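Here the structure comes first, spelled out in structure tokens, and everything after it is commentary.
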Amino acid sequence: MDAAHVDDDLVNVLFTEQQIHEKVGELAAAIERDYEGRELLIVGILRGAVMVMADMARAFTRHVEMDWMAVSSYGSGTKSSGVVRILKDLDTDISGRDVVIVDEIIDTGLTLSWLTANLASRNPASVEICTLLRKPEALQMPVDVKYVGWDIPNEFVVGYGLDYRERYRNLRDIGTLAPHVYS
Ligand code: IMP
Ligand code: MG
């Protein structure tokens with residue numbers, strides 16, 4: 001669905017489908033340059049990263065392996081709980097592998113700082129992070145992010161995989177959720 005289909009629920013559209021498409025292509029190109037001649041495993045963090053993983057994998061002009069993890073750091077609301085649990089682990093043994101974690105947004109950084117440490121303990125050749133969005137003002141834990149699409153203000157956003165209570169993930173654009181939706 002498009003922003004027009006959820007009209008009153010968004011304060012604004014931050015990024016259109018076209019802008020997202022171009023940005024994901026740029027991120028894929030940067031990763032492709034950096035990993036030339038090496039096998040690459042991209043790890044998507046369910047469920048939010050489904051869209052960016054699907055588009056990024058297809059933007060590559062080379063082979064790439066895909067695996068998935070599911071972690072929970074949020075309740076059902078708009079604030080991070082800080083407690084991370086693995087709900088679904090990797091199917092892949094990553095020892096000796098070059099890994100890029102793909103996420104749609106870094107907010108407090110709690111999830112990804114925990115997750116990078118967890119993956120690093122499995123003796124991969126390397127672990128880097130790629131995120132489409134980052135909220136620098138919300139950061140509570142330092143996270144070393146190699147690939148960032150956009151830095152955005154500290155507001156709750158939805159669309160392109162990002163949800164509020166499991167809705168809006170299928171919105172093509174990314175927009176700022178109107179406070180009346182969650183207050
Ligand atoms: P963090 O641990 O606070 O960095 O956030 C981890 C996860 O919270 C992200 O991967 C998202 O799934 C979710 N999240 C954080 N900010 C937003 C937002 O603005 N909209 C929707 N989901 C968000
Ligand atoms: Mg996520």
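In each ligand, atom 1 is the first atom listed, and ligand 1 is the first ligand listed. These numbers come from a predicted model, not from an experiment. As a basis for the values below, the full set of heavy atoms in this structure was taken, side chains included, without hydrogen atoms, waters or symmetry mates.
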Not counting sequence neighbours, which residues clear side-chain hydrogen bond (donor to acceptor under 3.5 Å, both in side chains) with R38? List them please.
-> D98
Which of the atoms in ligand 1, numbered in the order shown and given with their element, are less than 4.0 Å from a heavy-atom of [X]?
X	value
T111	1 (P), 2 (O), 5 (O), 6 (C)
G109	1 (P), 3 (O), 4 (O)
L162	20 (N), 21 (C), 22 (N)
D107	1 (P), 3 (O), 4 (O), 5 (O), 15 (C), 16 (N)
E155	19 (O)
D163	21 (C)

Has ligand 1 got any nitrogen or oxygen that is less than 3.5 angstrom from a nitrogen or oxygen of F156?
->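 In fact, backbone or side chain, F156 has no N or O that close.
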For ligand 1, is any non-hydrogen atom under 4.0 Å from D103's backbone (N, CA, C, O), its side chain (CB onward), both, or neither?
-> side chain
For ligand 1, does E104 get within less than 4.0 Å through its side chain, its backbone, both, or neither, judged by non-hydrogen atoms?
->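 Looking at E104 and ligand 1, just side chain atoms fall under 4.0 Å.
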Begin from the C-alpha positions of M56 and L27 and carry the test side-chain contact (heavy atoms from CB on, under 4.5 Å) through to its verdict.
-> CA-CA 8 Å; M56 180 174 289; L27 292 170; 3.8 Å; yes
Looking at ligand 1, does Q140 have a heavy atom less than 4.0 Å from it?
-> no
So, D89 and R122, do they make that salt bridge, N to O below 4.0 Å?
->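 Judged by the 4.0 Å cut-off on N to carboxylate O distance, D89 and R122 do form a salt bridge.
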With sequence neighbours excluded, tell me which residues meet ring pair (Phe, Tyr, Trp, His ring centres under 6.0 Å) with Y35.
->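 With sequence neighbours excluded, Y35 shows a ring pair (Phe, Tyr, Trp, His ring centres under 6.0 Å) to no residue whatsoever.
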If only atom types and distance count, is the side chain of T92 paired as donor or acceptor with the main-chain N or O of I94 below 3.5 Å?
-> no
Between Y147 and V102, does a side-chain contact (heavy atoms from CB on, under 4.5 Å) hold up when you go through it step by step?
-> CA-CA 9 Å; Y147 309 97; V102 176; over 6 Å; no
Could you state the interatomic distance from OH (Y168) to CG (L10), rounded to the nearest 0.5 Å?
-> 7.0 Å
